Asks: 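Take this structure, written in structure tokens, and hold onto it; I'll ask about it next.
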Amino acid sequence: MINAGKYNLKITIYQETIVKDLDGFPQKTLTAVLTTYASVKTTKGFTLIINGTDFEKALTNFTIRYPVTQITRDMIVMFKGKQYEIQYLNNIDEADVELEMQCKEVTH
């Protein structure tokens with residue numbers, strides 16, 4: 001049994017597409033694929049130090065109910081105004097109940 005209360009933070013997943021603008025030039029655009037609630041966990045700085053890991057490798061895990069919409073690694077997660085690249089997708093226990101997305105924040 002899954003505790004529905006653990007999915008308490010709203011995220012939106014976008015597909016990046018390239019369309020032509022009015023002048024015919026290619027332009028990137030984001031199209032919302034799924035808006036849902038997620039459980040969010042970030043890698044703690046202490047854990048990174050203990051493991052001798054570079055802070056650049058800090059990931060944020062978003063866990064959602066398994067969606068009907070197919071989610072792929074080329075999609076983008078938006079959470080609290082920040083953009084995240086999906087690094088890894090995990091269908092937890094191959095049960096089609098929860099989907100874990102390990103993401104890295106996009107910094108420009």
Side-chain angles (χ1 to χ4, degrees):
M1 183 61 91
I2 296 174
N3 177 4
K6 80 177 193 175
Y7 307 112
N8 59 355
L9 299 167
K10 190 180 263 190
I11 64 169
T12 303
I13 301 171
Y14 290 92
Q15 176 69 55
E16 187 175 67
T17 55
I18 298 178
V19 296
K20 292 189 178 186
D21 64 11
L22 295 174
D23 296 322
F25 293 102
Q27 182 176 5
K28 290 181 183 179
T29 184
L30 295 177
T31 305
V33 174
L34 178 67
T35 299
T36 188
Y37 286 90
S39 167
V40 180
K41 291 182 188 174
T42 57
T43 307
K44 306 273 190 280
F46 179 74
T47 304
L48 293 172
I49 292 169
I50 291 295
N51 293 332
T53 306
D54 185 6
F55 278 92
E56 287 291 316
K57 297 189 180 182
L59 297 175
T60 301
N61 289 345
F62 299 97
T63 304
I64 62 174
R65 289 186 180 106
Y66 200 83
V68 175
T69 306
Q70 182 177 355
I71 306 299
T72 59
R73 288 184 51 217
D74 63 340
M75 294 181 177
I76 295 166
V77 176
M78 292 291 287
F79 173 63
K80 290 190 175 182
K82 295 180 182 176
Q83 191 173 5
Y84 296 84
E85 294 176 341
I86 300 174
Q87 303 285 310
Y88 176 73
L89 293 167
N90 179 23
N91 178 359
I92 297 175
D93 298 329
E94 296 297 322
D96 294 343
V97 175
E98 290 182 299
L99 179 67
E100 177 186 41
M101 300 174 286
Q102 291 182 353
C103 302
K104 181 178 178 185
E105 184 179 348
V106 176
T107 55
H108 298 281

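Predicted model, so just to flag it, every value in this text is computed and none were measured. Position 1 is the first residue of the sequence, and the numbers go up from there.
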Asks: Checking E85 now: which residues fulfil side-chain hydrogen bond (donor to acceptor under 3.5 Å, both in side chains) with it, not counting sequence neighbours?
Replies: Q87
Asks: Which residue in the set L89, N61, T63 passes side-chain contact (heavy atoms from CB on, under 4.5 Å) when paired with M101?
Replies: L89
Asks: Could you measure the distance from the SG atom of C103 to the CG atom of L59? Nearest 0.5 Å is fine.
Replies: 8.0 Å
Asks: Can you measure from NZ (K104) to OG1 (T60) and round to the nearest 0.5 angstrom?
Replies: 11.5 Å
Asks: Should side-chain heavy atoms under 4.5 Å link Ile, Leu, Val, Met, Phe, Trp and Tyr, which residues sit in the same cluster as I92?
Replies: none
Asks: Run the side-chain hydrogen bond (donor to acceptor under 3.5 Å, both in side chains) test against Q102 and tell me which residues pass, sequence neighbours left out.
Replies: none
Asks: Count the heavy atoms of every other residue, nucleotide or ligand shown that sit under 6.0 Å from OH of Y37, and state whether that count exceeds 12.
Replies: no
Asks: Taking a hydrophobic cluster as the set of Ile, Leu, Val, Met, Phe, Trp and Tyr residues connected by side-chain heavy atoms closer than 4.5 Å, whether directly or through intermediates, do V106 and M78 fall within one such cluster?
Replies: no
Asks: I'd like to check the side-chain hydrogen bond (donor to acceptor under 3.5 Å, both in side chains) partners of Q15; sequence neighbours left out, ordered by chain and number.
Replies: D74
Asks: Honestly curious: do V40 and I13 fall in one hydrophobic cluster under the side-chain, below-4.5 Å linking rule?
Replies: yes
Asks: With Y14, which residues qualify under ring pair (Phe, Tyr, Trp, His ring centres under 6.0 Å), at least two apart?
Replies: none
Asks: Only distances under 3.5 Å count here; give the side-chain donor-acceptor pairs of residues 19-35 to other protein atoms, sequence neighbours excluded, each with its distance to 0.1 Å.
Replies:
unit_1 : atom_1 : unit_2 : atom_2 : d
D21    : OD1    : D23    : N      : 3.0
D21    : OD1    : G24    : N      : 3.0
D21    : OD1    : F25    : N      : 2.8
T35    : OG1    : T12    : OG1    : 3.4

Asks: Taking C-beta and beyond as the side chain, do R65 and T36 meet within less than 4.5 Å on heavy atoms?
Replies: no
Asks: Quick one: pull up CD in Q83 and CD in E16 and give me the separation to the nearest 0.5 Å.
Replies: 7.5 Å
Asks: In the single-linkage hydrophobic clustering (I, L, V, M, F, W, Y; side-chain heavy atoms under 4.5 Å), do L99 and I86 co-cluster?
Replies: yes
Asks: Report yes or no: do V97 and F62 belong to one cluster of Ile/Leu/Val/Met/Phe/Trp/Tyr joined by side chain heavy-atom distances under 4.5 Å?
Replies: no
Asks: What are the two closest heavy atoms between G5 and N8, and how far apart are they?
Replies: O-CB, 3.7 Å
Asks: Please examine the side chains of E105 and Y84, heavy atoms only from C-beta on, and report whether any two atoms are closer than 4.5 Å.
Replies: yes
Asks: Please answer: with hydrophobic residues joined when any side-chain heavy atoms are less than 4.5 Å apart, are M75 and Y88 in the same cluster?
Replies: no
